[in-house]
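Working notes, beginning with the structure itself.
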Amino acid sequence: MANATAFNFVIPQFRFTPISHNFSNEDNSKEISMEEVSWHDNANDCWVVIYDRVYDVTNFIDEHPGGDEVLMEHAGRDATMAFRGAEHGSKALQSLSKYMIGELPINERLFRKPGGIKLSDIPE
Ligand code: HEM
């Protein structure tokens with residue numbers, strides 16, 4: 001019975017290349033899964049995901065002009081729709097970058113895919 005190695009040797013063009021391993025993060029930031037994000041769900045340790053990027057907003061909760069409650073509602077979760085719904089201005093987008101600690105892995109992203117589908121109004 002031929003195993004995968006023997007098969008590759010006989011027909012090299014059928015060699016299996018895992019597609020997801022060809023991609024790296026756009027800016028070499030740390031890859032953080034939703035599972036990991038979900039552990040940071042309280043006022044002393046609060047991470048949220050916005051447009052596939054992970055933010056540690058622990059030190060921002062008390063400063064947020066929109067209040068601490070709306071942030072805590074999304075602690076450890078995806079806050080993209082709430083963030084978008086609140087119609088934040090450029091100041092909010094600028095402050096986001098201060099808190100970014102990583103990005104979701106490619107297979108967990110909803111908005112940004114390398115060289116692929118992207119909503120036109122996603123902030124860069
Ligand atoms: C890490 C994520 C967030 C950051 C950095 C952030 C930042 C800001 C900033 C700077 C403002 C002032 C207005 C502006 O410049 O746009 C603001 C206002 C506001 N934010 Fe956020 N925000 C975040 C997440 C959220 C979330 C998840 C919600 C949920 C609904 C929210 C709701 C609001 C609301 C309602 C206001 C308006 C407050 C007012 O004008 O009285 N924000 N936010």
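All ligand and atom numbering here is 1-based and tracks the order in the structure.
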Working note: Lys98 + Ser95, criterion side-chain contact (heavy atoms from CB on, under 4.5 Å); need CA distance, chi angles, decisive distance, verdict. CA-CA 5 Å; Lys98 275 192 282 181; Ser95 42; 4.0 Å; yes

Atoms of ligand 1 close to Lys91 [distance to a heavy atom under 4.0 angstrom, numbered from 1]: 15 (O)

I'd like to know if the side chain of His88 and the backbone of Phe83 have a donor-acceptor N/O pair within less than 3.5 Å. yes

For atom 21 (Fe) of ligand 1, count the protein N, O or S atoms found under 2.8 Å away. 2

Taking side chain as C-beta onward, heavy atoms only, is Leu110 less than 4.5 Å from Thr80? no

Give the cluster check for Tyr55 versus Val70: same hydrophobic cluster or not, with ILVMFWY residues linked at side-chain heavy-atom distances below 4.5 Å. no

Protein heavy atom under 4.0 Å of atom 13 (C) of ligand 1: no

Atoms of ligand 1 close to Val57 [distance to a heavy atom under 4.0 angstrom, numbered from 1]: 1 (C)

With clusters defined by side-chain heavy atoms of hydrophobic residues (ILVMFWY) lying less than 4.5 Å apart, directly or transitively, does Trp39 cluster with Tyr99? no

Any donor-acceptor pair under 3.5 Å linking the side chain of Asp52 with the backbone of Phe111? yes

Give the numbers and elements of all ligand 1 atoms closer than 4.0 Å to a heavy atom of Gly89. 14 (C), 16 (O)

Test of understanding: given a 4.0 Å heavy-atom threshold, classify the contact between Phe60 and ligand 1 as side chain, backbone, both, or neither. side chain

